Amino acid sequence: MSDAELLELYSPSGFQGVESDEEDNSVVVLDTPILHQGKEYDRLNLCEPSLYDVLGAAQVIGKRPSLQSIYDSQIVLVAKAAGVPQVVIQKLPSRALDRAVEYVTAFERGARREMNDPDLQGSLDLRPEKVLIFRDAIPGGGKEFSEMRLREPSVAERRRFKSGEGAGTIEAALRAEMALVEEISEWHRAALLRLPISKFAEAADYVTGFFIPGPPTGTAYQEI
């Protein structure tokens, strides 16, 4: 996919609606092949979604998440990760989709911090700089990016992030993270959209980790 196609689809109206094979979870074999437009699908070969894929799926959820819209977003995400038409996914046995969803969502889930972790403060990475290295350079904007340098956001950058996530939707939160990582890393947006979602989640969790307040201090919080 070209830079122009990525950037066009990044626009709010543009989207259309852990690599381990120990148990071969990346392949979902179908007992009964699915025939679509003369092509037979007897399995799904899944890969890690990119930020672009996840952003497209998040847009399907809309302003008010519902069980149906979340399920629709899962169908979109699996179709993108498998590289097959959505209509093929809609014809899957329901448990086959469940297995595929578990696989493709595990990449981001495994890379994100657990907000309910009682040791959250101790686990935050608050180093002044974090560098992500990529074995295979990621293209975008006529360049190739093999490393991403991140730092603590400034007050102005944090303010823009808060404004971006203000809509309160899953898509808005993801776009706000993306804008923050893009501004700090100085990566081209097309390259950022090509990031594996686990790497993006790692980058986003680092820069937003500085926004998580520590335990309250001061006389106003002292026990009486």
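The structure displayed is predicted, hence computed values, not measured ones.
In this structure the side chain of V101 reaches within 4.5 angstrom of the side chain of L97, judged on heavy atoms. Between L55 and Q59, every side-chain heavy-atom pair lies at or beyond the 4.5 Å cut-off. M178 places a side-chain heavy atom less than 4.5 Å from the side chain of L193. The shortest distance between side-chain heavy atoms of E147 and F145 does not fall below 4.5 Å. S50 is listed as a side-chain neighbour of D53, based on a closest heavy-atom distance under 4.5 Å. In this structure, the side chains of Q90 and I75 come closer than 4.5 Å at one or more pairs of heavy atoms. Within the 4.5 Å cutoff, the side chain of L35 has no heavy atoms near those of the Y41 side chain. Within the 4.5 Å cutoff, no side-chain heavy atoms of E152 are placed close to those of P128.
More than 12 heavy atoms of other residues, nucleotides or ligands sit less than 6.0 Å from atom CD of E40. For E129, the CD atom counts as densely surrounded, since its 6.0 Å shell holds more than 12 non-hydrogen atoms of other residues, nucleotides or ligands.
Between the D125 side chain and the R127 main chain, a donor and an acceptor come within less than 3.5 Å of each other. D117 places no side-chain N or O within 3.5 Å of a backbone atom of E114 that could act as its donor or acceptor partner. In this structure, W187 contributes its side chain and G140 its backbone to no donor-acceptor pair below 3.5 Å. Side-chain N or O atoms of S69 include none that pairs as donor or acceptor with a backbone N or O of P65 at under 3.5 Å.
Looking at every heavy atom in both residues, P49 comes nearest to L77 through CB-CD1, 3.8 Å. Among all heavy-atom pairs drawn from R112 and A204, the shortest one is NH1-CB, 3.9 Å. The shortest non-hydrogen separation linking A191 to I138 is O-CG2, 3.5 Å. Contact detail for A201 and A111: the closest heavy-atom pair is CB-CB, 3.8 Å. Nearest heavy atom pair, residue F134 against residue K199, reads CE2-CG, 3.7 Å. P153 and V207 make their closest contact through CG-O, 3.3 Å (heavy atoms, listed as atom of the first residue, atom of the second, distance).
Expressed to the nearest 0.5 Å, how far CG of L92 lies from CD1 of I34 amounts to 4.5 Å. For the atom pair OG1 (T208) and CD (E165), the distance works out to 9.0 Å, reported to the nearest 0.5 Å. The CG atom of N25 lies 9.5 Å from the CG atom of L46; values are rounded to the nearest 0.5 Å. Remark: S185 OG to K130 NZ distance equals 13.5 Å, nearest 0.5 Å. In this structure, the separation between CD1 on I170 and CD1 on I70 is 6.0 Å, given to the nearest 0.5 Å.
In this view, L124 and R113, L120, Q121, L126, I212 satisfy the side-chain contact (heavy atoms from CB on, under 4.5 Å) rule, not counting sequence neighbours.
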Where do N45 and R43 land on the side chain to side chain contact (heavy atoms under 4.5 Å, CB included) test, with the steps shown first? CA-CA 6 Å; N45 294 302; R43 66 189 61 209; 3.9 Å; yes
I would like to know whether R194 and Y52 meet side chain to side chain contact (heavy atoms under 4.5 Å, CB included); could you show each step before the answer? CA-CA 6 Å; R194 290 187 175 103; Y52 166 81; over 6 Å; no
Let's go through L174 and L51 carefully: what are the C-alpha distance in whole Å and the side-chain angles of both, what is the deciding distance for side chain to side chain contact (heavy atoms under 4.5 Å, CB included) to 0.1 Å, and is it a yes or a no? CA-CA 9 Å; L174 196 58; L51 170 59; 4.2 Å; yes
Stepwise side chain to side chain contact (heavy atoms under 4.5 Å, CB included) test for M148 and V181: CA-CA 9 Å; M148 176 181 284; V181 171; 4.0 Å; yes
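Side-chain contacts under 4.5 Å among hydrophobic residues (ILVMFWY), followed directly or transitively, place I133 together with V131.
Cluster membership for M115 and L180, using ILVMFWY side-chain heavy atoms within less than 4.5 angstrom, is shared. There is a path of hydrophobic side-chain contacts, each under 4.5 Å, that joins L150 to F200.
Ion pair R109/E102 flagged as a salt bridge, since at least one NZ, NE, NH1 or NH2 atom sits closer than 4.0 Å to an Asp/Glu carboxylate oxygen.
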Tell me which donor-acceptor pairs under 3.5 Å the side chains of residues 154-164 have, and how far apart each pair is, sequence neighbours excluded?
residue: S154; atom: OG; partner: E157; partner atom: N; Å: 3.2
residue: S154; atom: OG; partner: E157; partner atom: OE1; Å: 3.3
residue: E157; atom: OE1; partner: R151; partner atom: NH1; Å: 3.0
residue: E157; atom: OE1; partner: S154; partner atom: N; Å: 2.8
residue: E157; atom: OE2; partner: R151; partner atom: NH2; Å: 2.9
residue: R158; atom: NH2; partner: F211; partner atom: O; Å: 3.4
residue: R160; atom: NE; partner: E183; partner atom: OE1; Å: 3.4
residue: R160; atom: NH2; partner: E183; partner atom: OE2; Å: 2.5

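A donor and an acceptor atom, one from each side chain of S198 and E48, are located under 3.5 Å apart.
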